[in-house]
Novice: 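Attaching a single structure in C-alpha cells format; questions to follow.
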Amino acid sequence: MAEMEEAAKSGSLSQELRKRLPSMINNVIKFAVLMIIIRFVAPSIIPSNTELIPNILGMNTVLNALSFLVIIYYGYYILRDIRALTDRAVNLVVIRSGIVKEGSALRRAAMDIVWTIGIILAYAAVMPLVKGAIKISWVEIAVALSFLLLIAIFLYDCVRMLSLIFGVGIKRLVNVIAGIVEKAEREVKEEGSGEGPTG
Amino acid sequence: MTISVEAIFALVFLFVILLIFLEVVHRTLAALIGAFLAAYFGIVYRVFGYEEMLTFIDFRLLIFVVGIYIIVEVMDRAGVFHFLALSILNMVGANPKRLMIIFPLITILISALLSNIAVMMIVGALTMAVAKRIKLDPLPYLISESIAANVGGLMLIISSIPTMLVGMEAGFTFLGFLLISVPTTLFLSLVTVLICLSIFRVESGEFKELHFNPWSAVKDRGVFMRSIAIFVLTLILFMFCDRLGLGMEAVAIGSAVILLVLTNVDIEDILGHLDWPTVFFFSGFFILVGGLEESGLLRLISMHILQFTGGNPALLTLTILWVGAILSGAVDNIPITLTLIPIIKGLIPQVSVNPMVIWWSLLIGVTVGGNFTPISSPPGLVTMSILDREGVSGYFYKFLKMNFIITIAQLLAATIYTYALLIVIG
C-alpha cells in the first residue's frame, strides 16, 4: 500500500534530476570510455583475430564477452536512473491531468485508460484539420509524435499502477500463506512440547 | 497513424461508458459529451450529415417519457401510492414471514407505476415504521424490496425506462406487452419471494394487526380521486390507442395535460421535479448510438454475435439475457438498453426466432442485472441511505452477498423461463 501511495504522491522531478543526472552522466561516460577501450584501443594493440588459446579462445571472443559484461553492468545502472526519472516525469504529467486527486491505484489505472482514449480521440479530431490546413509533412509527423508521447506516458503509468496492484496482491497472498504455515508450525511445536514422558 | 471510423466510434463509446462507470462526470454530461464527439466525428469524417444526425433523436420516446413522468409525479403528490401501500398493509396484518411476502409484492405492484427510486422511498419508510412497531430487523425486508423494485419495472410498458425504450422501439402494443409481461413478472416475483424466504430464514412469529390510516397520506381527496380517474382512463386509452390511430406518446402527453388542468397543481413545481437529467441523457445517447449505427460498428457486433451463437435461437436469446444482465450490473441499464436495441434490430432479420422472445430476453436481462450489487441500481442506493439514516451499520457485506446470490438465482430462473418462452412462442 505504501508503495502505491508513494507512486501516487507528486514527487519532485527537480530533486530527482539533481540526484540522478550526475550519476547517469558519470555512468554513461564510464560506459563510453570502457567501450572505446574494448572496441578500438584493445584491437589496435592486440589484433582481434589473434588466437589466445589456439582453436579454443580468440581475442574477438574475449572482447565480445567484455563488451557484454560492461553493457550489463553499466546498462543496469543507467536504466535504473532513466526509469526513476521517467517515473517522476510521468507522475508529474499524470498529476497535472488531475488523476491522482482521489482514489486507489486501480482507479488511477482506469483513469489512465480514460486519458489514453481521450488523447487518441483528440488526435483523431485534430489530424484532419492539421492535414487540411498545413500541407507540410513534418508538421503532421510532429503532431503525431507529440500525441504518441502523451499516449505512451499514460499507458506507462497504467502499466506501472497495475504492476503495483499485482505486487501488493502477491505480497498479501504470501503473507496469508506464511501466516498459515506459521500457525501450523506453532501447533506442531505446542503438540511436541505437550507430549511429556509417559513412562 | 490512421484510425478507422469504426475504431473512432468504438473509442467514443468506450470513453463515455468509462466516464459513467468511474463516475468522473454525471451520466447525463457523459452522454452529452458522447453526443458531441459522435456529431463531430460523424460530420468531419463524413459518416452522416447534420440533418441526418437530428433524426437519431427519438422525439416520440422523449414525449412519452415526459408525459409518464408528469402523470406519475401528480399521482405521487396526490398520495395515491402511499395510500395503496398503507391499505394493503392494513388488509394483510403482520407477522415476520407474511411481511417477507407482502413487502416485496407491494414494491412490485407500486413500481409497476412509479419510478423505482420513489417506490423504495415509500415502501422503505413503511418498512422502517412496521419494523419498529413489531420489533423486526429491517435489513432482510429492505434487501428483498430493493430487488423487487427492479422486478416490478417489467410489469407495464410504462413501468421503467428499459420497458419504455424496448416497447417503443420493438413496436409493442400496450396489450401485447401485457400478454408477456404479466406472466414474466409473476414468475420472477414468485422466484424472488421464494429465494428471499429461504435465504433470510424468517420465522413465522406472532401475528399482529396493523392499524395505519391510509387517508393520512392524502392531502386533497378531490385531487386524489381525479388523478386516479385520469390514470385509469390513460391505461384504457393505452390499450386502444392503435385502434384510435394514436401513438402512445400522444396518449401520455394528452393525459398529462388533462391531469394538470383537472388537479390544478403548480405546473412549475411539477416540471421542476421531473427527471430532466434522464431526458437529456436520452437525447445525448440517441446521437451517440445513432453514430455507432451509421459507422457500421453495431452491424459488425451483430455479425460477431451471430457468428458466436451460430444463429442458434436458444444460444442467442440466452447470450442476450446474460450479456444484458452482466453489463447492467456494471453500468446503468439505460445506456446498455439503448446500445443493445440497434444490435438486436440488426440480429432479428437474420435469425428464425420470434422477435418478442429476443426483446424479452433483453428486458429481463437488463432489469434483473441491475440487482447484482447494492450500488448498481437506484433502489439499492436508496435502501443504503435509509439504513444509514436509521443508524444501521455494518450491513454492506451482507447486502452485497444477498444481492449477488438472489440475482444469480433470478438469472438462472430467467434462463429457464426464456427457454420455455422460446419453445412456446419462439
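Reminder, nothing fancy here: chain letters follow the sequence lines and each chain counts from 1. In this text the structure is predicted, and so the values were computed from the model without any measurement.
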Novice: Any idea which heavy atoms bring B:Phe15 and A:Val114 closest together, and the distance?
Specialist: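 Taking every non-hydrogen atom into account, CE1-O, 3.4 Å.
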Novice: Between B:Tyr45 (side chain) and A:Ala124 (backbone), is there a donor-acceptor pair under 3.5 Å?
Specialist: yes
Novice: Flag the one option from B:Leu37, B:Leu19, B:Val12 with the top tally of heavy-atom pairs under 4.5 Å to chain A.
Specialist: B:Val12
Novice: How long is the gap from CG on B:Leu22 to CD1 on A:Ile113, to the nearest 0.5 Å?
Specialist: 9.0 Å
Novice: What's the spacing between A:Ile117 CD1 and B:Phe13 CZ if we round to 0.5 Å?
Specialist: 11.5 Å
Novice: Supply the atom-to-atom distance B:Ile8 CD1 to A:Tyr123 OH, rounded to the nearest 0.5 angstrom.
Specialist: 10.0 Å
Novice: Counting neighbours of CZ on B:Arg299 that are heavy atoms of other residues, nucleotides or ligands and sit closer than 6.0 Å, is the number greater than 12?
Specialist: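 Atom CZ in B:Arg299 is not packed in, count stays at 12 or less.
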Novice: Measuring from atom OH of B:Tyr40 to atom CG of A:Leu121, what distance do you get when rounded to the nearest 0.5 angstrom?
Specialist: 11.0 Å
Novice: Determine whether more than 12 heavy atoms belonging to other residues, nucleotides or ligands lie under 6.0 Å from atom CZ of B:Phe280.
Specialist: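 No, the 6.0 Å shell around CZ holds no more than 12 heavy atoms from other groups.
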Novice: Should the heavy atoms of other residues, nucleotides or ligands under 6.0 Å from CZ of A:Phe68 be counted, would the total exceed 12?
Specialist: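 Check fails, neighbour count at 12 or below.
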Novice: Taking atom CZ of A:Arg80 as the centre, does the number of heavy atoms from other residues, nucleotides or ligands within less than 6.0 Å exceed 12?
Specialist: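 Check passes, neighbour count above 12.
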